[in-house]
Amino acid sequence: MQATEKTLNEIKAKIPYVDVKKEKLTSVVYVQKELLFNVLKAIKEDFGFKLFIDHSVVDTLEADNRFEAFYILYNVDTKERMLVKTKTEHALPSVEKLWFAAKWAERECYDMFGVNYEGHEHLVRAFMWDTYSHYPLRKDFPLGGYETVELPSLNESTFGDNLSGTMNYKRTHTYVPTLKDLEYTERNRIKKKAQVVLNWGPLHPGTHGTMWFLFDLEGERIVQTDVILGQLHRGVEKLAEHEPYQQFLVYTDRMDYISGLCSNQAWTVTVERLLGIEDMVPLKAKYIRTMMSELQRINSHLLWLGTYALDLGALTIFLYAFKEREKIMDIIEGITGARLTISYTRIGGVRMDLPQGALDVIESFVKFFPKELKDWEKILSRNRIWVKRNKEVGVLTKEDIYFYGLTGAVARGSGVFYDIRKLEPYDAYSMVDFDVPLGENGDCYDRYLVRVEEMRQSIRIIEQCLQKLKTMSPNEPFMAESGDPKKLKLTLDGIGLKVPAGEVYSSGENPRGELGFYINSKGGLKPYRVKIRPGSFYNLCVYPHLMENRYIADAVTVLASLDPVVGEVDR
Amino acid sequence: MSIIALGIIIAVKVVVILVIILGIGAYLTLVERKVAAHIQRRPGPMVVGWHGLLQPLADGIKLLTKEDILPSSANPILYNLAIVMALVPATLVFAVVPFGPEIHIFGYDIKPILTDVNIGIILAFAFGSLAVYGVALSGWASNSKYALIGALRKAGIIISYEVVITFAALGPIMLAKSLSTYDIVMAQIHQKVWYIFLQPISFVVFVFALLAETGRVPFDIQEAEAELVTGFTVEYGGMKFGLFPLVEWYVEVLSLSSILTVLYLGGWSPLNIPFIGFVDPFFFLGAWSGFIWFIIKVSILFLLVLWLHWTLPRYRIDQITTVAWKVMLPLALFNILISAFIAPLLRG
Amino acid sequence: MAYIGLLSLLVVMLGLSVVLISLNWLLGPKKKESYKTYPYECGVPLYDDTAQTTFHQGYYILGLLLLLFDIEVAYLFPWAVVYSLLGVFGFLEVFLFLLILTFGLVYAWRKGALDWQFDLESL
């Protein structure tokens, strides 16, 4: 929930030169940009808002102070969330000394908006290559980019000028990086200190997707490392400014493509909170969304377990896990019609009701799955080699969690009770009963145990949802009915849905971390600015710190236990 | 014996060894894929031939017709020499392996062993040690960082386990009082006991060293796909690429399993009840039953290696060398102490 | 005389390996493309031009220890063969030898030489 009046008044009393305001959905602290660092430091240390959630910039196109920057912070003990806002024309002080996660967030803002951060240690672009000259998320940058280069396609090279029919497309395209650009980016990102720099690069079967790591190696020891992201950057946030709210749903499950339903649910809940219709969503829709989300969580954790074991050499668990995944994906396909890019939820409910027989199939799966999980645990959890590879590797303390903005199973593995389903409940999570497993040491072995136990808790949630759904009749509504269609138009296709002006930040518990959406709306059909807070991005920012003075063999273990998905990191 | 008869006998033995390496070695790829598939609850190769029996042929033809690419920054001579250095010593170990008892054909007494010298075991270990050259040369000559890291890791493992394997083998040598492979088997038959019953520690240490020298899980760090994308063979293509796993995973496993059978499991002798005698269900085959028993024992060891490969995760490189020097070597030394007390008690 | 089999196998295997290597060059296609022979480094330009540079290996000391222990085992082979004929004297002599060398191993263990050396200058 947002910070209370009491907290805001305490802040105003302690730091008199800020403005505090409690809006309908957010609590905001306004500050001048020169005093930003001290204010954030005071809020972090004196008021306990230690966890860094997000930072970004909104391009308001005002005459002076064009960019409005915001920082989202969270207090885990009192469960309060706060926004700190400031305005600037083109420069901001860097807060990377307070939170390392801000370093990566600031790189992204520099890349997308051109905001300069003073005091940043190594300000390079986050997603685009270093010789790129534009700032894509500014409002004066067109949606299609600047088409300046002639890049002939295969048809054009073969047929020359004799293109016929539908082959007559435009010849000019936006600029594509060449090998020289990549080489410049590579050399700018890391300055060699030890013997050899190894490209653990984008086309590699061991990195979970197209991530580009650079290891500075001395023998088997990694002296320093850095990450070059952006191989899968698709400009989703720019696209969001041109899409109606319901249409943006299909982009959300292409970000974290392994757990699409959870991302759909997070976006739908955010828009519902901005509209204020959270209580109008029918109970059946809430239970269906919760149940499908938990199925998707098991799906995602099975993929994680399979690839984790595969990377460490136990090749058989990979195939066992994928067999169970096939069963879940068949269930999801039977209910929603798709296996990977699902887009099942709608603003106000779900797309369609559960088909006949779906509940029986899910029930039989739920009965059979825990036994399988127990068999695999016998192979892995007490295996001497597994324990030796995972214990004491990649240790994260509680302070690290706050400093790097880590969420999800990574935070819970170190003992921080941070689960959005319990702290900020949405859908039916407040009505079902489940435990949240916490780890003790914060090493890879604890994160492994936490995720395996989460699968069991998901089974528990699904059983409770099944019980409730069985008592509901098939005629109950699955989509909210709007009381006044002139003011609020809720349909299955979402055309014509107008959202009032305002801003909101809301998040959902993805299997990979906290997926948050910050929507800044000026009224109308399309949002003004959407900032996606990806769990994998901030989970990945602790990787260079964990890899210092470790061995190459641990690079795989640590990366697999952080569980990033590039679609979400790069958006 | 006349020169011609000698020549024919040697030629036949050489041909048998070549058939083992190329023919059986290639078919062992199919066995591995089928066993792996059944552990993973899937059928494995089923398309080419009946239940995939022609699959190695298809793989061989595919590998032979690939393009021969030399990386632009590699050394051509060392690049090709590495394969020769890997293949030749691994197969020379078969020269000292006795496949069965002495048989009488056409009036000649033939021992089915290519080189029956009184230092057979030393030759076997010497050729095994030469295996490190193929690996290290290929990693250096490829001029790629992944190849270098993988090759040097493997070289580190091989030199650690060289020491372990030779210390472990000292135990049966003390009990058999001979270095010739043929004589070690005959000693086990005369003393009516397989040395595995007298030297269990040494057997376990030898199996570990077998897994490490041949680069099998849990010691296959040199080609951990997630980190190093096939390790030191990353710049090789076609048949050159096919020869490396063939030599490393199949020929070396077979040869080291054969040495292990000779040292601990009594070579070609049938089932043993310690100190009492032998039980042979295949007695009706006469002298040829020895060959069957040898094949059965080597197959069981190979299946054990496969079983471990597809179930266990892999170790990290510093853990592998630590295990070799801190655990295996003291165990092998302890085993020598025990054998020193047992050896005078055995006659013959 | 007994080695004639070994020599013939050696000659046959050398010939066979040369044949196997050149089969690819004989049977495969030959097409020149620009980046086909570029060294593999995950599809991006190389940071270092060549990989044949100094690269620290943490088992260097283990290689030195290998030399010592291999020579020790070479001395032990003949003793192992004739052990039963030597009596108590043979046992005690060689066990003194083994004890001294084992003491060396323990010394190396305590000094940390048996671990993987991760830094360039650590011992």
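The shown structure was predicted, so the numbers you read here are calculated from the model rather than taken from an experiment. Each chain gets a letter, A, B and so on, in the order its sequence line appears, and its residues count up from 1.
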How long is the span from the CG atom in C:L68 to the CG atom in C:L101, to the nearest 0.5 Å?
-> 8.0 Å

Is B:F334 atom CZ crowded by more than 12 heavy atoms from other residues, nucleotides or ligands, each under 6.0 Å away?
-> no

Looking at CD1 of B:I165 and CD1 of B:I158, how far apart are the two atoms once the value is rounded to the nearest 0.5 Å?
-> 10.5 Å

Interface check, chain C: of B:L243, B:T166, B:T322, most non-hydrogen pairs under 4.5 Å belong to B:T166

Pair B:I122-C:F77, side chain to side chain contact (heavy atoms under 4.5 Å, CB included): steps then yes or no = CA-CA 9 Å; B:I122 294 189; C:F77 269 124; 4.2 Å; yes

Donor-acceptor pair, B:S255 side chain versus B:V93 backbone, under 3.5 Å?
-> no

B:I159 portion near chain C, given a 4.5 angstrom heavy-atom threshold | both

Could you give the distance from NZ (B:K62) to CE (B:M239), rounded to the nearest 0.5 Å?
-> 11.0 Å

Side chain, backbone, both or neither of B:N75 within contact of chain C (heavy atoms, under 4.5 Å) | side chain

Proximal component of B:S178, with respect to chain C [non-hydrogen, under 4.5 Å] | backbone

Top of B:G171, B:S160, B:A95, B:P71 for chain C proximity - count of heavy-atom pairs under 4.5 angstrom = B:P71

Flag the one option from C:L76, C:V94, C:L46 with the top tally of heavy-atom pairs under 4.5 Å to chain B.
-> C:L76

Relative to chain C, which segment of B:I173 carries a heavy atom at a distance below 4.5 Å: side chain, backbone, both, or neither?
-> both

Determine the option with the most heavy-atom pairs under 4.5 angstrom with chain C, choosing from B:S144, B:G238, B:A340.
-> B:A340

Heavy-atom donor-acceptor pair, B:S142 side chain to B:A147 backbone, under 3.5 Å | no

Looking at C:I4, C:V106, C:L10, C:L66, which one has more heavy-atom pairs under 4.5 Å with chain B than the rest?
-> C:L66

Okay, B:F127 and chain C: the region with an atom under 4.5 Å from a heavy atom over there is side chain

With only heavy atoms counted, which part of B:A324 is less than 4.5 Å from chain C, the side chain, the backbone, both or neither?
-> neither

Chain B heavy atoms under 4.5 Å from C:Q52: which part of the residue, side chain, backbone, both or neither?
-> both

Donor-acceptor contact present, side-chain C:E93 to main-chain C:G90, <3.5 Å = no

Evaluation steps, side chain to side chain contact (heavy atoms under 4.5 Å, CB included), between B:T181 and B:I121 | CA-CA 6 Å; B:T181 48; B:I121 290 288; 3.8 Å; yes

Ignoring hydrogens and angles, tell me if any N or O in the side chain of B:K326 forms a donor-acceptor pair with the backbone of B:T321 under 3.5 Å.
-> no

Given a strict heavy-atom distance threshold of 4.5 Å, which part of B:I119 is in contact with chain C: side chain, backbone, both, or neither?
-> side chain

Answer with side chain, backbone, both or neither: which region of B:L333 has an atom nearer than 4.5 Å to a non-hydrogen atom of chain C?
-> side chain

From CA spacing to verdict: ring pair (Phe, Tyr, Trp, His ring centres under 6.0 Å), B:F232, B:Y146 = CA-CA 7 Å; B:F232 61 91; B:Y146 284 108; over 10 Å; no

By a 4.5 Å heavy-atom criterion (distance strictly below it), what part of C:F95 contacts chain B: side chain, backbone, both, or neither?
-> side chain

Check whether B:L337 gets within reach of chain C through its side chain, its backbone, both or neither, counting any heavy atom under 4.5 Å.
-> both

Check whether more than 12 heavy atoms from other residues, nucleotides or ligands sit under 6.0 Å from atom NZ of C:K31, and answer yes or no.
-> no

Max heavy-atom pairs within cutoff under 4.5 Å with chain B, candidates C:L62, C:L27, C:L23, goes to C:L62

Decide if the gap between the ring center of C:W79 and the ring center of C:Y83 is smaller than 6.0 angstrom.
-> yes

Ignoring hydrogens and geometry, is there a side-chain-to-backbone donor-acceptor pair from B:S180 to B:G120 under 3.5 Å?
-> no

Can you tell which part of B:L152 gets under 4.5 Å to a heavy atom of chain C, answering side chain, backbone, both or neither?
-> both

Is it the backbone or the side chain of C:Y3 that comes under 4.5 Å from a heavy atom of chain B, or both, or neither?
-> both

Residue C:F55 versus chain B: region with a heavy atom under 4.5 Å | side chain

Honestly, the part of C:W109 sitting under 4.5 Å from a heavy atom of chain B is side chain

Would you say the side-chain atoms of C:Y59 pair up with the backbone N or O of B:I157, donor to acceptor, closer than 3.5 Å?
-> no

Test item: C:N24 side-chain N/O and B:D68 main-chain N/O as donor-acceptor pair under 3.5 Å = no

Examine whether an atom of B:L148 lies under 4.5 Å from a heavy atom of chain C, and if so say whether it belongs to the side chain, the backbone or both; otherwise answer neither.
-> side chain

What part of C:L6 gets closer than 4.5 Å to chain B, counting heavy atoms only: side chain, backbone, both or neither?
-> both

Which bit of B:E67 comes within less than 4.5 Å of chain C, counting heavy atoms only: side chain, backbone, both or neither?
-> both

Which atoms of B:K66 approach chain C - backbone, side chain, both or neither, heavy atom under 4.5 Å | both

Region of C:L105 in contact with chain B, defined by heavy-atom distances below 4.5 Å = side chain

Any idea which of C:V82, C:T102, C:V18, C:L65 has the most non-hydrogen atom pairs under 4.5 angstrom with chain B?
-> C:L65

Tell me, side chain or backbone of C:L26 under 4.5 Å from chain B's heavy atoms, or both, or neither?
-> neither

Quick one: of B:I83, B:L87, B:V117, B:L18, who has the most non-hydrogen atom pairs under 4.5 Å with chain C?
-> B:V117

Portion of B:L64 that has a non-hydrogen atom of chain C nearer than 4.5 angstrom = both

Evaluation steps, side chain to side chain contact (heavy atoms under 4.5 Å, CB included), between C:L92 and C:V88 | CA-CA 6 Å; C:L92 284 176; C:V88 178; 4.0 Å; yes

Which is it for B:I320 and B:R153 under the side chain to side chain contact (heavy atoms under 4.5 Å, CB included) test, yes or no, and what are the steps along the way?
-> CA-CA 10 Å; B:I320 300 178; B:R153 277 180 178 176; over 6 Å; no

Select, from C:A108, C:G28, C:S17, C:A80, the one with the greatest count of heavy-atom pairs under 4.5 Å involving chain B.
-> C:A80

Best-contacting candidate, C:F69, C:Y60, C:Y38, C:F91, against chain B by heavy atom pairs under 4.5 angstrom | C:F69

